Amino acid sequence: MASISRNLRRYFAPDRLRRLLLLSQHPREYVTAECHRPVVLHKRGPDILHDPWFNRGTAFSMTERDRLGIRGLLPPNVVSSQQQIDRFMLDLIRLQNYARDGPSDTYPLAKWRILNRLHDRNETMYYKVLINNIEEYAPIVYTPTVGLVCQNYSGLFRRPRGMYFSSEDRGEMMSMVYNWPADQVDMIVVTDGSRILGLGDLGVQGIGIAIGKLDLYVAAAGINPQRVLPVMIDVGTNNEKLLKDPLYLGLQEHRLGGDEYVSVIDEFMEAVFTRWPNVIVQFEDFQSKWAFRLLQRYRKTYRMFNDDVQGTAGVAIAGLLGAVRAQGRPMIDFPKQRIVVAGAGSAGIGVVNAASRTMARMLGNNDVAFESARSQFWIVDAHGLITEDRADIDPDARPFARRKGELGHQGLSEGASLVEVVKKVKPDVILGLSAVGGLFSKEVLEALKDSSSSRPAIFAMSNPTKNAECTPGEAFSILGEKAIFASGSPFHDVDLGDGKIGHSNQGNNMYLFPGIGLGTLLSGARLISDGMLQAAAERLASYMKEEEVLQGIIYPPISRIRDITKEVAAAVVREAVAEDLAEGYREMDARELARLSEEETIEYVKTNMWSPEYPTIIYKAD
Ligand SMILES: NC(=O)C1=CN([C@@H]2O[C@H](COP(=O)(O)OP(=O)(O)OC[C@H]3O[C@@H](n4cnc5c(N)ncnc54)[C@H](O)[C@@H]3O)[C@@H](O)[C@H]2O)C=CC1
Ligand SMILES: CC(=O)C(=O)O
Ligand SMILES: [Mg+2]
């Protein structure tokens with residue numbers, strides 16, 4: 001040691017050398033002493049999180065988060081700096097292993113990381129890249145890759161994005177909401193992580209889906225990215241793997257339930273609408289039992305909607321109407337379609353509810369019409385066909401349970417299997433929202449060959465890709481070129497030989513939710529009515545031209561998503577005006593909105609869509 005210090009003395013001043021030697025002999029004491037010296041900062045809030053010198057990310061303690069105005073800007077689990085390093089190293093090693101072993105998921109995840117880094121550095125450039133290459137990158141920032149991102153979010157987490165409200169923040173949310181740096185927020189997408197795509201309960205990691213949906217709000221609807229807010233409400237998780245994972249970033253306790261759960265969501269809604277009275281809140285990927293209840297609880301009071309229940313329903317209706325047109329029949333023939341739905345969750349029941357209402361309207365909107373519309377649907381869930389005979393029937397599914405009187409002559413009974421139902425009903429359409437990959441098996445597709453339709457339609461709508469009820473290759477190989485195919489996540493078209501193509505449509509709520517949000521914003525509608533949602537669905541249905549539909553193309557390609565969103569938003573604005581819900585937006589008051597023609601409404605929407613261009617920046621001293 002003496003010779004080392006003799007040598008070092010040649011290079012370092014005595015005081016510096018004394019500190020270095022102290023460090024080498026007693027690293028812990030020295031570091032502790034150094035760390036305890038306070039640092040005076042002239043910044044608070046997100047500025048600290050973006051400062052590489054002072055940012056501690058998830059290691060900020062709760063008292064520090066309160067003191068520095070960053071509570072809610074980080075996932076709720078406070079971790080030690082060693083845990084942070086463990087998480088980083090695990091993620092790094094995972095990437096190295098993937099790169100070496102080359103499983104198919106590595107490449108999209110690597111693309112997501114690169115895009116995400118750009119998102120953190122330069123929002124304008126990020127959205128320019130996304131918009132200009134939407135076909136290539138929507139499957140990365142949205143389904144299917146966003147599912148993989150959510151599954152790995154605790155490892156992928158780098159910079160905070162969005163807000164986190166947890167059950168431990170009860171009583172604090174009203175003040176926490178002011179920690180968000182933007183004075184204006186137009187669009188919030190909120191999830192509690194309880195059912196992310198078809199991947200189940202992913203707890204706090206579900207924030208990825210809120211971020212992905214808002215990326216589409218910016219790219220497709222032109223909502224200003226400075227005015228969007230992804231939100232995670234962390235009330236725990238029932239995912240046993242996450243509960244045991246030392247690197248998990250969320251609350252490691254079982255989910256709150258009952259009134260306690262509702263009180264957390266109530267507090268969140270009150271807080272965000274107090275700070276931003278005109279915000280629109282999209283509920284996303286809440287497990288079914290809460291999806292319906294929360295929708296009923298808030299939809300008459302707040303500007304909100306549930307994307308899985310209402311957005312999916314509209315997209316399905318548009319596709320179902322497209323399938324009718326593809327048979328060369330007018331849309332008014334829709335009430336004659338026999339539809340088997342696999343899945344009775346938020347999405348499945350949402351579709352059956354809205355589609356049967358659409359049929360009933362076409363039939364005259366009276367009791368007889370509703371009864372006739374109801375009888376066109378057969379719902380199969382994990383326990384088989386849902387009938388009146390089922391014990392403990394879910395109240396949301398009850399109106400669509402097959403009646404005792406109908407069952408005998410159809411040769412079906414409670415709990416009949418999907419294949420049995422398809423064989424007996426000979427439906428025009430099978431629609432999957434079950435989250436069960438491969439559910440439309442060879443046997444089911446073979447049974448559909450006896451469909452009464454000239455163009456049987458298969459909607460394999462579950463996400464992500466591995467949850468699709470079947471692939472287009474399977475559908476076309478069994479049902480031939482006349483089949484109509486749509487899936488929730490993107491698939492390539494299928495080459496059927498002889499120059500023929502089996503079109504693979506993407507039937508995803510991404511074709512509606514951005515337009516519903518934008519139309520609500522620009523109309524200043526107080527609420528989001530059934531009529532506004534119906535107008536959105538009808539505009540999507542009519543967007544496809546006759547010759548496209550006859551070729552089996554029932555949804556637009558994603559490259560047209562900005563255009564279709566503009567049209568959907570304009571339809572929503574006009575319906576809000578017609579229903580006297582519109583209160584106007586900025587200088588466009590309700591009376592002026594009402595005077596706009598259809599073309600002028602579309603132009604109004606277009607001019608209010610944000611585009612990624614660098615603005616001129618001017619410096620002004622405080
Ligand atoms: N394409 C799109 O735009 C959308 C797709 N989805 C997808 O729909 C799926 C379901 O979502 P939720 O309804 O919220 O989920 P959920 O978990 O509430 O419902 C799933 C339903 O499927 C049923 N099911 C399970 N196994 C089955 C089987 N073997 N046969 C028939 N039914 C079965 C369950 O009993 C339940 O009724 C997810 O994969 C989600 O990604 C959801 C919203 C939009
Ligand atoms: C697309 C969507 O919202 C879902 O799969 O949940
Ligand atoms: Mg969803």
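Fair warning: this is a prediction, and the values are worked out from it, not measured in the lab. All ligand and atom numbering here is 1-based and tracks the order in the structure.
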for atom 5 (O) of ligand 2, nearest protein heavy atom and its distance come out as Asn463 ND2, 2.8 Å
| Does any non-hydrogen side-chain atom of Arg402 lie less than 4.5 Å from one of Leu385? | yes
query: Parallel, tilted or perpendicular for Tyr127 and Trp610, by the 30°/60° rule?
result: perpendicular
Quiz item: Taking side chain as C-beta onward, heavy atoms only, is Asp530 less than 4.5 Å from Gln534?
Solution: no
Side chain or backbone, does Ser288 bring an N or O within less than 3.5 Å of an N or O on ligand 1? yes
Closest to atom 9 (C) of ligand 1 among protein heavy atoms sits Ser462 OG, 3.6 Å
A student checking ligand 1 against Leu439 at a 4.0 Å heavy-atom cut-off should list atoms 28 (C), 29 (N), 30 (N), 31 (C)
Open item on the list: Can you confirm whether the side chains of Thr237 and Asp201 place a donor and an acceptor under 3.5 Å from each other?
Closed with: yes
List the steps and the verdict of side chain to side chain contact (heavy atoms under 4.5 Å, CB included) for Ser489 and Tyr142. CA-CA 9 Å; Ser489 296; Tyr142 189 52; over 6 Å; no
The protein heavy atom nearest to atom 8 (O) of ligand 1 is Leu433 CD2, 3.4 Å
Atoms of ligand 2 under 4.0 Å from any heavy atom of Asp307, numbered from 1 in the order shown, are 3 (O)
Here the N/O/S atom of Asp308 closest to the Mg ion (ligand 3) would be OD1
Taking only non-hydrogen atoms of Asp308 and a 4.0 Å limit, the atoms of ligand 2 in range are 2 (C), 3 (O), 4 (C), 6 (O)
Practice task
Apply side chain to side chain contact (heavy atoms under 4.5 Å, CB included) to Val340 and Leu431, showing your working.
Solution key: CA-CA 6 Å; Val340 171; Leu431 190 150; over 6 Å; no
Counting from 1 in the order shown, the ligand 2 atoms closer than 4.0 Å to a non-hydrogen atom of Lys213 are 1 (C), 2 (C), 3 (O)
Original post:
N/O to N/O below 3.5 Å, does that happen between Asp308 and ligand 1?
Top reply: no
Gly507 heavy atoms within 4.0 Å reach ligand 1 at atoms 1 (N), 2 (C), 3 (O)
Review point. Taking both backbone and side-chain atoms of Arg195, is any N or O found less than 3.5 Å from an N or O belonging to ligand 1?
Key: yes
Quiz item: Taking both backbone and side chain into account, is any N, O or S atom of Asp307 nearer than 2.8 Å to the Mg ion (ligand 3)?
Solution: no
Looking only at non-hydrogen atoms, the one of Gln282, Arg195, Glu284 nearest atom 6 (O) of ligand 2 is Arg195
>> Would you say the rings of Tyr543 and Tyr555 are close, in the sense that their centroids are separated by under 6.0 Å?
In response: no
Counting C-beta onward and ignoring hydrogens, is there a side-chain heavy-atom pair between Val235 and Leu251 closer than 4.5 Å?
no
- Task: Answer with yes or no whether the side chains of Glu469 and Ser434 bring together a donor and an acceptor at under 3.5 Å.
- Result: yes
- Would you say the ring centroid of Phe305 lies under 6.0 angstrom from that of Phe283? no
Within-shell test, Val380 vs ligand 1, heavy atom, strictly < 4.0 Å: yes
- Message: Looking only at the side chains, is there a donor atom on one of Gln327 and Ser453 sitting less than 3.5 Å from an acceptor on the other?
- Response: yes
Scanning both residues in full, the closest heavy-atom pair of Thr565 with Gly515 reads CG2-N, 3.5 Å
Under 4.0 Å between heavy atoms, the region of Thr312 that gets near ligand 1 turns out to be side chain
Of Leu385, Asp394, Asp381, the residue with the heavy atom nearest atom 31 (C) of ligand 1 is Asp381
request  = Would you indicate whether the side-chain heavy atoms of Ile339 and Phe334 approach each other to under 4.5 Å?
outcome  = yes
Do the side chains of Arg374 and Glu406 get close enough for a salt bridge, i.e. N-O under 4.0 angstrom? yes
protein heavy-atom neighbour closest to atom 5 (C) of ligand 1 works out as Met461 O, 3.2 Å
Interatomic distance, OH@Tyr298 vs CZ@Arg293, rounded to 0.5 Å, equals 12.0 Å
Atom 19 (O) of ligand 1 has as its nearest protein heavy atom Gly345 CA, 3.4 Å
Among Ala342, Ser194, Gly198, Ala344, closest by heavy atom to atom 21 (C) of ligand 1 is Ala344
If we number the atoms of ligand 2 from 1 as shown, the ones under 4.0 Å from a heavy atom of Tyr142 are 1 (C)
message = Tyr248 vs Asn239, test: side-chain hydrogen bond (donor to acceptor under 3.5 Å, both in side chains). Steps then yes/no.
response = CA-CA 11 Å; Tyr248 176 60; Asn239 181 326; over 6 Å; no
Near Gly343 (heavy-atom distance under 4.0 Å), the atoms of ligand 1 are 21 (C), 22 (O), 23 (C), 32 (N), 37 (O)
Q.
Check this for me - ligand 1, Gly488, N or O atoms closer than 3.5 angstrom, yes or no?
A. no
Heavy atom of Leu197, distance to ligand 1 below 4.0 Å: yes
closest protein heavy atom to atom 3 (O) of ligand 1 is Asn509 N, 2.8 Å
Quick one: are Thr520 and Met532 in side-chain contact, heavy atoms under 4.5 Å?
yes
Row for the Mg ion (ligand 3): angle OD1 (Asp285) to OE2 (Glu284), 10° precision, value 100°
Looking only at non-hydrogen atoms, the one of Pro464, Ala435, Ala382 nearest atom 24 (N) of ligand 1 is Ala382
Taking only non-hydrogen atoms of Asp285 and a 4.0 Å limit, the atoms of ligand 2 in range are 6 (O)
| query | Heavy atom of Val436 under 4.0 Å from ligand 1? | reply | yes
Counting heavy atoms under 4.0 Å, the part of Asn508 that contacts ligand 2 is side chain
